[in-house]
Amino acid sequence: MQEAEIDDYSFEGCDLFNGSWVYDNVSRPLYKEKECSFMADDYSCEKFGRTDFKYQYWRWQPHGCDLPRFNGIKLLETLRNKRVVFVGDSVGKNHWVSLLCLIDPWITEPSHKVAEWHGALITFRASEYNVSIDFYWEPLLVESNCDDPVKHRVSDRIMKVESIEKHAKEWIDADMLVFDSYSWWLAPNMTLLWGSFEHPNRTVIESDRVIRYEMALRTWSNWLETHLNRNKTRLFFISVSPDHKEGGDWGKTMGENCYNETEPIMQEGYWARGTDTNLMRTAQSVVQDLGNKGLNIELLNITQLSQYRKDGHPTIYKRHWVPPTEVELAHPVWFADCLHWCLPGVPDVWNEILYAYIRYKL
């Protein structure tokens with residue numbers, strides 16, 4: 001089956017999140033890495049030396065239905081005069097860059113597509129349609145000492161568990177918000193803070209990661225419930241983007257990872273042991289509560305379809321902001337990036353699914 005091109009596409013009886021990866025060197029990739037005006041070095045695997053390109057040619061085929069074919073003009077027409085904001089961490093940025101690369105070839109005039117940095121906010125504008133598609137760096141959703149979009153590698157993560165206003169004022173006027181928040185919560189220790197970072201009498205506690213994740217999500221959801229214009233703004237929460245840091249999950253020697261992987265996992269229903277299902281259930285519960293309270297929100301459960309793609313990560317083929325040591329260079333497995341995704345690649349499918357919701361379900 002190929003992607004549907006019809007305008008009367010229906011979700012009825014269709015589960016976009018259950019299916020299989022099909023090798024397709026006809027309709028894939030949807031764009032070329034070198035030709036994307038907005039490609040980031042974090043996801044440019046070909047530019048940084050990857051020579052096997054099979055990862056670019058896999059198409060997601062849901063069981064019993066097809067994904068609609070991505071059409072950048074129709075997407076921009078649907079979003080005309082609107083502001084979309086992706087809010088989250090570097091995986092969320094991975095997702096956002098993928099969408100810009102999908103749209104890029106549909107806008108032929110370079111002056112009609114511009115991206116600008118404003119601190120934690122990066123704004124992409126498609127001027128002909130008066131559309132902005134932005135990314136806002138907010139890895140923990142609430143305020144933290146990791147909020148600098150460049151200098152956020154801190155050993156002791158501190159989060160102000162009840163403070164979100166500083167961030168939310170930057171995206172509250174959006175017509176569509178796409179949130180992700182997962183990988184930063186996997187740190188074994190994190191400090192919760194009430195009061196200010198500067199106040200000498202601040203109150204801190206150490207906590208279980210599921211508890212602190214739920215506390216932050218409740219702050220986030222309470223803010224949305226209180227402040228959001230629910231007649232205007234559409235919400236999406238992206239489920240866990242899995243990593244492939246433990247090769248033992250798919251039969252490799254323990255201690256190995258996604259380095260040198262060139263094929264997806266073909267075992268239907270495969271599930272990695274390292275994915276924190278408790279965090280997933282927490283997010284699902286909070287999102288469901290928001291939906292029950294009348295907010296227009298969808299959970300896009302991209303976890304399992306992404307679990308299969310152990311071949312899709314940059315590993316060593318990316319810009320390294322901290323150069324590898326000689327010891328690491330001798331052992332590439334030690335510094336392989338098995339969290340983010342090469343582009344073109346897996347996040348393009350997340351955006352094909354998002355496109356289906358925007359075009360046919362909102």
Side-chain angles (χ1 to χ4, degrees), residues 1-4 11 13-30 43 45 50-67 91 94-95 98 180 182-183 186 238-284 299-317 332-334 336-354 356:
M1 290 190 286
Q2 296 296 318
E3 300 99 321
F11 278 75
C14 179
D15 182 353
L16 296 178
F17 307 105
N18 280 308
S20 60
W21 288 95
V22 177
Y23 186 74
D24 178 354
N25 60 3
V26 176
S27 70
R28 294 297 185 273
L30 296 175
Y43 324 121
C45 301
R50 185 163 178 172
T51 55
D52 64 290
F53 302 125
K54 196 172 180 181
Y55 68 90
Q56 300 182 4
Y57 293 94
W58 294 95
R59 171 172 55 82
W60 178 247
Q61 179 62 62
H63 292 324
C65 60
D66 299 320
L67 276 170
V91 173
N94 208 166
H95 189 185
S98 160
D180 90 286
Y182 170 70
S183 61
L186 301 182
I238 308 300
S239 72
V240 170
S241 170
D243 63 55
H244 290 89
K245 296 179 180 179
E246 184 44 75
D249 281 348
W250 61 88
K252 292 183 82 171
T253 303
M254 295 296 286
E256 293 190 63
N257 56 28
C258 70
Y259 178 65
N260 271 347
E261 291 290 347
T262 59
E263 297 281 339
I265 294 165
M266 291 302 184
Q267 175 193 340
E268 183 108 10
Y270 166 80
W271 191 265
R273 288 169 289 180
T275 301
D276 194 320
T277 53
N278 289 323
L279 292 187
M280 287 186 68
R281 281 192 288 267
T282 299
Q284 288 169 346
L299 177 74
L300 299 191
N301 192 353
I302 53 86
T303 304
Q304 187 152 55
L305 70 88
S306 306
Q307 290 264 24
Y308 299 126
R309 294 300 308 277
K310 60 181 171 60
D311 61 312
H313 300 283
T315 68
I316 64 173
Y317 304 110
V333 169
W334 294 2
D337 180 349
C338 297
L339 172 65
H340 301 100
W341 303 94
C342 296
L343 296 177
V346 173
D348 302 334
V349 171
W350 306 348
N351 279 314
E352 287 182 281
I353 292 171
L354 182 63

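It should be emphasised that the depicted structure is a prediction, and the values quoted were computed from it without experimental measurement.
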Asker: Mind telling me whether Tyr308 and Tyr270 have parallel, tilted or perpendicular rings, with 30° and 60° as the class edges?
Answerer: tilted

Asker: Under a 3.5 Å cutoff, is there a donor and acceptor pairing between the side chains of Asp52 and Thr262?
Answerer: no

Asker: For the side chain of Ser98 and the backbone of Asn94, is there at least one donor-acceptor N/O pair under 3.5 Å apart?
Answerer: no

Asker: Please lay out, stage by stage, how Asn257 and His244 fare under the test side chain to side chain donor-acceptor pair (under 3.5 Å).
Answerer: CA-CA 6 Å; Asn257 56 28; His244 290 89; over 6 Å; no

Asker: Starting at OH of Tyr23, measure out to CG of Asn25 and round the result to the nearest 0.5 Å.
Answerer: 4.5 Å

Asker: What's the separation between atom CD in Glu352 and atom CG in Asp66, rounded to the nearest 0.5 Å?
Answerer: 11.0 Å

Asker: For a 4.5 angstrom cut-off between non-hydrogen side-chain atoms, does Lys252 reach Lys310?
Answerer: no

Asker: Distance alone, cut at 3.5 Å: any donor-acceptor contact between the side chains of Ser306 and Ser241?
Answerer: no

Asker: Drop me the distance from Ser239's OG to Leu300's CG, to the nearest 0.5 angstrom.
Answerer: 7.5 Å

Asker: Does Gln56 reach the main-chain N or O of Arg28 with its side chain, forming a donor-acceptor pair under 3.5 Å?
Answerer: no

Asker: Dump the intermediate steps for side-chain contact (heavy atoms from CB on, under 4.5 Å) on Tyr182 and Asp276, then the final yes or no.
Answerer: CA-CA 9 Å; Tyr182 170 70; Asp276 194 320; 3.6 Å; yes

Asker: Quick one: OG1 on Thr303 to CE on Met280, what's the gap to the nearest 0.5 Å?
Answerer: 3.5 Å

Asker: Name all residues meeting the side chain to side chain donor-acceptor pair (under 3.5 Å) criterion together with Glu256; count only those two or more places apart in sequence or in a different chain, and write none if there are none.
Answerer: Thr253

Asker: Is a side-chain N or O of His313 found less than 3.5 angstrom from the main chain of Trp341, in a donor-acceptor match?
Answerer: no

Asker: Take Asn301 and Gln284 through the side-chain contact (heavy atoms from CB on, under 4.5 Å) test and state the conclusion after the steps.
Answerer: CA-CA 9 Å; Asn301 192 353; Gln284 288 169 346; 4.1 Å; yes

Asker: Under 3.5 Å, side chain of Asp337 to main-chain N/O of Pro314, donor-acceptor pair present?
Answerer: no

Asker: Between Phe17 and Pro62, is there a side-chain heavy-atom distance shorter than 4.5 Å?
Answerer: no

Asker: Please answer whether the main-chain N or O of Thr315 pairs with a side-chain N or O of Arg50 as donor and acceptor at a distance below 3.5 Å.
Answerer: no

Asker: Say whether, by atom type as modelled, one donor and one acceptor occur between the side chain of Trp60 and the main chain of Val346 under 3.5 angstrom.
Answerer: no

Asker: Is Arg309 positioned over the aromatic face of Trp21, cation under 6.0 angstrom from the ring centre and no more than 45 degrees off axis?
Answerer: yes

Asker: Please report the closest heavy-atom contact between Asp15 and Cys65, naming both atoms and the distance.
Answerer: N-SG, 4.3 Å

Asker: What's the separation between atom CG in Leu305 and atom CG in Asn18, rounded to the nearest 0.5 Å?
Answerer: 9.0 Å

Asker: Return yes if some donor-acceptor pair links the side-chain N/O of Glu246 with the main-chain N/O of Trp250 below 3.5 Å, else return no.
Answerer: no

Asker: Taking all atoms of both residues into account, what is the closest heavy-atom pair of Leu16 and Cys14, and its distance?
Answerer: CD2-SG, 3.4 Å

Asker: Starting from the C-alpha separation in whole Å, work towards a yes-or-no answer on side-chain contact (heavy atoms from CB on, under 4.5 Å) for Trp271 and Gln304.
Answerer: CA-CA 7 Å; Trp271 191 265; Gln304 187 152 55; 3.7 Å; yes

Asker: Mind telling me whether Trp350 and His95 have parallel, tilted or perpendicular rings, with 30° and 60° as the class edges?
Answerer: perpendicular

Asker: Just how far is it from atom CG of Leu354 to atom CD1 of Ile302, taken to the nearest 0.5 Å?
Answerer: 11.5 Å

Asker: Assess the residue pair Asp311 and Lys54 against the criterion (side-chain contact (heavy atoms from CB on, under 4.5 Å)); give the C-alpha distance rounded to whole Å, side-chain angles, the decisive distance to 0.1 Å, and a yes or no.
Answerer: CA-CA 9 Å; Asp311 61 312; Lys54 196 172 180 181; over 6 Å; no

